[in-house]
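Notes to accompany the following structure.
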Amino acid sequence: MQIELASFSCKGGRDYNEDSIRFLEHDGVCVVVVSDGLGAHGGGHIASSVTSDYLAAAFFENPRIDPDYVKQIFNDANTRVLNEQKPDQKMKSTGVALFIANSTAIWGHAGDSRLYYFYNKQLTKRTLDHSVSQMAVFSGEIKEDELRHHEDRNRVLRAFGGDKQIKAEVSPMLSFTSGFHAFLLCTDGFWEYVIENEMEHDLLKCNTPNEWLLKMVLRISKRAPDNNDNFSAAAAFIAVD
């Protein structure tokens, strides 16, 4: 099994970047984390950094592909963000993480940072946002293709630094079969301007994860307004014989 990783992060039209990306890989063990600090609460950059640092270090130190374990380290990261908070600085962050060990993957998320999974360059799965707009899709108030521009899209329902228990959503375990696997982890400032069929289209043309990210970043640069949010993403290519 061969693993290639790449990342990209930009402050967009904001004064500073509150997103954080961490990835570690060695001998078939891999962790990728993308977190998005919630700027309106103050200290978003601290919350996203604490989240990403802890999830990456905890899994790499003890790589277990187990849903209960993933929920545990998400809750532990949440506790660390809560401990950083001050009365006038209720810092929060969304987050999504991919964990790989023993030719098996699992992922978890809280908020509206997303993971997309592609098998043989076709989109197979994606996480569903913990947001007011995603709930509007579930209830039939809006259609899926209206979510990106819904007025409540930025109102997230789960975040690190929110409740005492974060209630992370964790995927089933995925055993890697022969073929090509690709993962995209990204903040809302990224996926808002790149739709899913474009992710597939660009993936088909790319041989490296860095090349894939740059093609999508080019789309964002042409579409995003001057005051666009921070946008960040990490990509993993996994080839299995």
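Given the structure is predicted, the values throughout are model-derived calculations rather than measurements. Along the sequence shown, residues are numbered consecutively beginning with 1. Note: hydrogens, waters and symmetry copies are ignored here, and every other heavy atom, side chains too, is used.
A salt bridge links Glu196 with Arg148: the closest approach of a Lys/Arg side-chain nitrogen to an acidic carboxylate oxygen falls below 4.0 angstrom.
Taking CE of Met216 as the reference point, atom CD of Glu211 lies at 11.0 Å (rounded to 0.5 Å).
Leu204 belongs to no multi-residue hydrophobic cluster, having no ILVMFWY side-chain contact under 4.5 Å with any other such residue. With a 4.5 Å cut-off between side-chain heavy atoms of Ile, Leu, Val, Met, Phe, Trp and Tyr, the cluster of Tyr119 takes in Met1, Ile3, Leu5, Ile21, Phe23, Val32, Val34, Val96, Leu98, Ile100, Trp107, Leu115, Tyr117, Leu174, Phe176, Phe183, Leu185, Ile238, Val240.
Remark: Asp229 engages Arg14 in a salt bridge (charged side-chain N to carboxylate O under 4.0 Å, His left out) (not counting sequence neighbours). With sequence neighbours excluded, the residues that form a salt bridge (charged side-chain N to carboxylate O under 4.0 Å, His left out) with Arg22 are Asp53. For Glu141, the side chain to side chain donor-acceptor pair (under 3.5 Å) partners at least two apart in sequence or on another chain are Ser139. Take Glu192 and apply the salt bridge (charged side-chain N to carboxylate O under 4.0 Å, His left out) test, not counting sequence neighbours, and it matches Arg153. Annotation: side chain to side chain donor-acceptor pair (under 3.5 Å) contacts of Thr94 (sequence neighbours excluded): Ser113. With sequence neighbours left out, His45 forms a ring-ring contact (aromatic ring centres under 6.0 Å, His included) with no residue at all. The salt bridge (charged side-chain N to carboxylate O under 4.0 Å, His left out) check on Arg64 picks up nothing, with sequence neighbours excluded. Legend: residues meeting side chain to side chain donor-acceptor pair (under 3.5 Å) with Gln134, ordered by chain and number and at least two apart, are absent.
Although no hydrogens or angles enter the test, the distance criterion places no donor-acceptor pair under 3.5 Å between the side chain of Thr177 and the main chain of Ser175. Side-chain atoms of Trp212 do not come within 3.5 Å of backbone N or O of Ala6 as any donor-acceptor pair. With hydrogens and angles disregarded, no donor-acceptor distance shorter than 3.5 Å links the side chain of Asp36 to the backbone of Asp19. Judged by distance alone, the side chain of Glu169 and the main-chain N or O of His109 form no donor-acceptor pair under 3.5 Å. In this structure, the side chain of Asn230 engages the main chain of Glu18 through a donor-acceptor pair within 3.5 Å. When atom types are taken as modelled, the side chain of Ser20 and the backbone of Ser49 share a donor-acceptor pair closer than 3.5 angstrom. For the pair Asn102 (side chain) and Thr104 (backbone), a donor-acceptor distance under 3.5 Å is absent.
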Test salt bridge (Lys or Arg N to Asp or Glu O under 4.0 Å) on Lys222 and Glu198; report intermediate values, then the result. CA-CA 14 Å; Lys222 293 177 179 178; Glu198 292 172 335; over 6 Å; no
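Exactly one of Thr187, Asp129, Thr127 qualifies for a side-chain hydrogen bond (donor to acceptor under 3.5 Å, both in side chains) with Arg114. That residue is Asp129.
Linking ILVMFWY side-chain heavy atoms closer than 4.5 Å, directly or via other members, places Phe237 and Leu214 in a single hydrophobic cluster. Linking ILVMFWY residues whenever their side-chain heavy atoms come closer than 4.5 Å, directly or via other members, places Tyr69 and Met173 in the same cluster.
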Please tabulate, for side-chain N and O atoms in residues 72-82, each donor-acceptor pair with protein atoms closer than 3.5 Å (sequence neighbours left out).
| from | atom 1 | to | atom 2 | distance (Å) |
| --- | --- | --- | --- | --- |
| Asn75 | OD1 | Ile166 | N | 3.0 |
| Asn75 | ND2 | Lys71 | O | 3.4 |
| Asn75 | ND2 | Gln165 | OE1 | 3.1 |
| Asp76 | OD2 | Tyr54 | OH | 3.4 |
| Asn78 | OD1 | Gly161 | N | 2.7 |
| Asn78 | ND2 | Asp163 | O | 2.8 |
| Asn78 | ND2 | Lys164 | O | 3.1 |
| Thr79 | OG1 | Asn75 | O | 3.1 |
| Arg80 | NH1 | Asp76 | O | 3.2 |

Side-chain atoms of residues 55-62: list all donor-acceptor pairs with protein atoms under 3.5 Å, sequence neighbours left out, distances to 0.1 Å.
none

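No hydrogens or angles considered: nothing links the side chains of Ser48 and Ser35 as a donor-acceptor pair under 3.5 Å.
Between Met199 and Leu123, every side-chain heavy-atom pair lies at or beyond the 4.5 Å cut-off. Two residues are said to be in side-chain contact when any heavy atoms from C-beta on lie closer than 4.5 Å; Tyr16 and Lys11 fail this criterion. Between Phe8 and Phe231 there is a side-chain heavy-atom pair separated by less than 4.5 Å. Between Lys92 and Val156 the shortest side-chain heavy-atom distance does not fall below 4.5 Å. Taking the side chain as every heavy atom from C-beta outward, Lys121 and Glu200 never approach each other to under 4.5 Å.
Heavy atoms only, all atoms of each residue included: Val50 and Glu84 are closest at CG2-CG, 4.2 Å.
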